[in-house]
Structure formats: structure tokens, C-alpha cells
Amino acid sequence: MAIGLHDSSFKNPVVRWVDQRLPVFTMIQKEYGTFPTPRNFNYFWNFGALAMINLMIMIATGVFLAMHYTAHVDHAFESVERIMRDVHFGWLIRYAHMNGAHLFFAVVFIHIWRGMYYGSYKAPRELLWILGVIIFLLMMATAFMGYVLPWGQMSFWGATVITNLFSAIPLIGPEIVTYLWGGFSVDNPTLNRFFSLHFLLPFVITGVVFLHVAALHITGSNNPLGIEPKGPQDTLPFHPYYTAKDSVGIVVYLAVFAFLIFFMPNYLGHADNYIPANPLVTPAHIVPEWYFLPFYAILRAVPDKLGGVILMFGAIAVLFVLPWLDTSKVRSMRFRPIARIAFLLWTVNFMVLTWVGAKPAEGHYVLIAQIGTMIYFAYFLVVLPALGRLERPLPLPESIARAVLGPKAQLGGGPVPGAATAQPMEKA
Amino acid sequence: MAQTSAPSGATTHSPAGAPAEAVTKRDFLKLTTTAFAVVGVGALAWPFISSLAPGGDVLALASTDVDLAPIAEGSAVTVMWRGKPVFVRHRTAAEIEAARAEPLSGLKDPAADDSRVQQAPWLVVVGICTHLGCVPLGQRPTDARGDFGGWFCPCHGSHYDTSGRIRRGPAPTNLEVPSYTFTSDTAIRIG
């Protein structure tokens, strides 16, 4: 072995030659082959892989759409219609991109929910969590700007309303909005820069996803029990156990995806966006896409422009400090009888906010949104900090293997995959 | 199934002295999985690659109508067809004679003049030099027409005759004759 070459364990001469000089095969083998993963994952642990697949689908379909799209106010709408009618399989690629965005948020919401339920944000995974929140923010910016590109009525008025949020900033607000627009209203310069950023941000997301995964592979995965693996008896190699389990989830996910594309491609969108943008007429009922609705409800719940904007951004900003707001040492809600109920109520409340965000901002809907907003923040700012001190958690299992296998973990053997390798370590 | 095929699998997977060439259930699974994956990737790639082909709107513009009536004998017009120039020349009797008199043996890309036209006075060729894609000169009366009275490509010096055939210079083949039909005595449709 020459000095400076990586000590590769691969036998194939070509693979070995590359691996000695650039140990990518060793890395893949370490991070996705033998990577020790808790043996007790449930299907909630599919959603990170699903989000990764979804990101790749969005980039692939997006690059092809960009080959046919024209970022100009006079041509954008028509170029999208051309994609739908004239480009071979253009309808498929666009519907995949459109519904892929909806599915991406669905997958990421479940992924975040998983992290909150099983306490995946707690030490030592705080930075991993924070990187995830950054990805979520980038996704929202990307989705918003992508929605503007077809230049329909919802595109135009969505862009107008969202950019006007920044006008709430005291003193420099209006100036900032002018810079966002590149003019004095949402117009061609706005469309051009949104297209540029919509193309750029997914690659930024890919970069942060890489950091997210890198951080994950330092701390290792959390698991439904929320206790750390203590040895090989608690883990399985990622491949083939979790590549197989993820594959099951991917098949289900793709089936749902295909159903959306082929049977209800416009169900999650707004019909108004098939009307070309008209700066003189605002649609009567302007609503964002469903994944923004909870935050939109919070915005509208506050009878003050700046206050509404602050609370809306605060609803996401609070996630950054969640690892420190939750003072309990116990990760998984399975062992937190009170926090568990509180979190499930918070989840219902999140759905109520989603529902009320789609309703007109008048009458009792405003009151519901206000109560929902209070519950949203109370969970983070009052309930979680207090429960860490007041709640008496259930006893934690002594190990993952013990919890999964029961007494057999002590005896060893049994028809359990991996049991043979786990046995020797049981003594340790 | 799993029960009955288990023994053979167990034999080959045992670490000590397994029969090297035995075909196992695992081999079958690997092959079928790979085959499905290949078909799947192909099915996935198909719409993406297909989207790169000319779209319906492009194909809809793939024919061009030309009115021949205003084109005087000895002159020519250039029309656009599929984003490319097409030369339509109303040849004089002398030009036709010159094209037909040339023996095929002297040509670089032998083709009889009557195989390149539908009606002797009307020569229709794609106005793109077959060398590297420049547009040859010769459409306007003031243009250089090369040594053979047809077209001359200024990029690399290819000379075409009054039948659009390559006579001298680096171009390998004659100017392409597009498919066209006479829709009346004085009109053609190209494409």
C-alpha cells in the first residue's frame, strides 16, 4: 500500500483503484451499508428517505420544465400551457412537479411530526434538527416562488400578498418590498428573479440536506423508544434491513403519487391559477396552497399588520429553539403520558389552523384562528417547558433489544435476524 | 415455496465449501429484480427524453406554402421552413440546359437534374451548405454564384451548380431537396 492511498477493502480492481484514491465506495459502505441503525424503527422512519426521493424527483422534473418555460410576463402563462398541450409528456412532467410539491410538504410535515413526537430534536441532535428547520424554510421559499412562475391569477396575487408581508417591517419595509419586486409592483423583473431563485434554491436545499444527513450520521438515528443503542444487539446494518423497509415505504409513496398525478392532478391546486395574471382584478377568495394554511391562519388571526407577520414567522422560528424549550430528558412521547396528550392536541390544533386558514377571515373563523394561534404557541412556550419539571415519565426500557425481543434478548438465539451476531455482545 | 427451496439456499450460503456454480433462489431474485429495475428506469426515462423532441406546436409549423406566381424567370426567393432557409429558384432555359448537359461522371455526388426537380423550371433546395451549415450566396442577382452559376458558400468555398449539386469545395453532398408537392400550377407546399 503506497503512502497516500486509502486502505480499501474492495476486491474488484476497478472499484479498488478508485476507492484507494477517492474512498467514495468505502464511504457509501460505511454510511449506507453497515451503518448501525436502531433495530426498532417503525414506518415513521421512512419519511426522511421519502423526502430525499421527492427532492430528486422535483429537481429532475424541474430541470426539464425549465427547458420549456419562458420567464417573461408575456409568455410565461402560454409557455406553461404549451408544456401541457404540445410538449411530449409535458403534462406528465408538470403534474409530477406540481403534485410532487404537495407531496413533498406532506412527507416533510410527517417527518417533522415524527421528530417532535419521538423527541428527535433533543441532545445530541439539536443541530440536526436546526438544519432540518432551515431545509423547511428553504422549501417554503422555493415552493412560493415556484407557484408564481405559471403567472396565473393565484401566482400574481400570491406573490403580491407574500412580498407585501415585508412592508410590515418598520421604516425600511416599503423600500425592501420595492427591492424584492425590482419595480413598484409585481412585474416582469419579479418573475425573472423568482425563476432564477426557484432554480437555485433546490440545490441549496440539496447542500443543507447533505449537512443534515452528515449530522445524522454523527449522532446516529433516534428511534421510537428514544433511548440510545448501547451495543450491536440494539442495531441492525442499514443495508439490507432499512433499505428494504424504506423500499416498502417508497412503493406506497409512489402509488399515492401516481394516483394524484393520473386521477386528480389539479385537486390540490386552485382553478383560478388557470386564469392568466391580471394586475387589475384580485380573485374574490385568495388562499395559499394547503401547506401554508396554518401559518396563513396565524397571520390573519392578529388584528395588527406587523404583529401578524411577526407571529407567522415566529411560528416557524420557535422550532429553532424547540430543543431548549422542551426541558424533559425523556425523548419519546411513549414515556411521557401528559406531554403525549398535549402534543396530540397540538397536532389536532395544527389541523384546525389548516382548516381555518382556508376559510374567509371573518366572523367566528377569526376567533377560531386566534384560539388556535394561542394553543400553537402555548404548547411550545408554556406546556413543554413546564412539563419537563412537572411530569413524571414512565420507566424507560433498559435497552432497545430488551424492549424489542423481551426476555429472549437475555437468552440469545431465537428466530430473529441478526440475533447470531448480537449474541456475543450481550455479555458486555 | 420458501420452505421447499430453503435447503438448496442453505447449502450454497454455508461458509464452508459451498458448491460454487449452483444456481440459487437468490440468483433468481437478483436477476428478476435487476430486470424489473432496468425496465423501470427505462419507463421513467422515456417521458423525459421524449419531452426533448419537437413538440406539437413545432410539428404543426413543419410545412410552408409558397406562391410561385410572383417569381420571375431567372430570380429566386428564400422561404423559411422548420426554421431553415429554403431556396426556390425559377430557372432559365439556359440554366436548365447547363444542369442537364453535365455528365454524371463529373459530379462529386452524382444525381441527374430531373431527379432533383418536379417541374424543370422550379428548383427547390434547402439553403444550407452540406459542409458545416452556412447559408450559401446566390439568391440575389448581385450575389456571387460561384463557378457553376448556382450558389457559392462564402464560409469555406463550396460551389454549387444550377441544380444545387456540389461541384467544387469541401461540401460532401448536394444541397438537400426537401419533400414538397405542387398544390396548384403556381403553388407548392414544402414539408
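The chains referred to below are lettered A, B, ... by the order of the sequence lines, with proteins before strands, and numbering in each begins at 1. Side-chain atoms are counted along with the backbone in the values below, which use heavy atoms only and exclude waters and symmetry mates. The structure presented is a predicted model; accordingly, all values stated were derived computationally and were not measured.
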Is B:Glu102 salt-bridged to B:Arg165, cutoff N-O under 4.0 Å? no

Sorted by number, residues from residues 45-58 of chain A in contact with chain B (heavy atoms, under 4.5 Å): none

Taking the six-membered ring of A:Phe35, is the NZ or CZ of A:Lys30 close enough (under 6.0 Å from the centre) and on axis enough (within 45°)? no

Going by heavy atoms in the side chains, are A:Trp151 and A:Leu191 under 4.5 Å from each other? yes

Under the criterion salt bridge (Lys or Arg N to Asp or Glu O under 4.0 Å), I'd like the reasoning laid out for B:Arg91 against B:Glu73: C-alpha separation, chi angles, the key distance, then a yes or no. CA-CA 6 Å; B:Arg91 300 190 294 183; B:Glu73 191 172 300; over 6 Å; no

Report, by ascending residue number, the residues of residues 253-260 of chain A in heavy-atom contact with chain B at a distance under 4.5 Å; give 'none' if the set is empty. none

Name the option with the most non-hydrogen atom pairs under 4.5 Å to chain B; the candidates are A:His88, A:His68, A:Arg85, A:Met67. A:His88

In terms of the angle between their ring planes, are B:His131 and B:His156 parallel, tilted or perpendicular, with boundaries placed at 30° and 60°? perpendicular

Charged N-O contact under 4.0 Å between B:Glu176 and B:Arg116: no

Do B:Arg168 and B:Asp147 sit within salt-bridge range, that is, some charged N less than 4.0 Å from a carboxylate O? yes

For this output row, return yes or no: ring centroids of A:Phe195 and A:Tyr69 closer than 6.0 angstrom. yes

Take a 6.0 Å sphere around CZ of B:Phe28 and say whether it holds more than 12 heavy atoms from other residues, nucleotides or ligands. no

So which of B:Gly55, B:Ala60, B:Pro47 has the biggest tally of heavy-atom pairs under 4.5 Å with chain A? B:Pro47

For the pair B:Phe152 and B:His159, name the ring-plane relationship: parallel under 30°, tilted 30 to 60°, perpendicular over 60°. tilted

With a 4.5 Å limit on heavy-atom distance, are the side chains of B:Val79 and B:Pro85 in contact? no

In terms of heavy-atom pairs under 4.5 Å with chain A, which of B:Leu44, B:Val58, B:Leu52 leads? B:Leu52

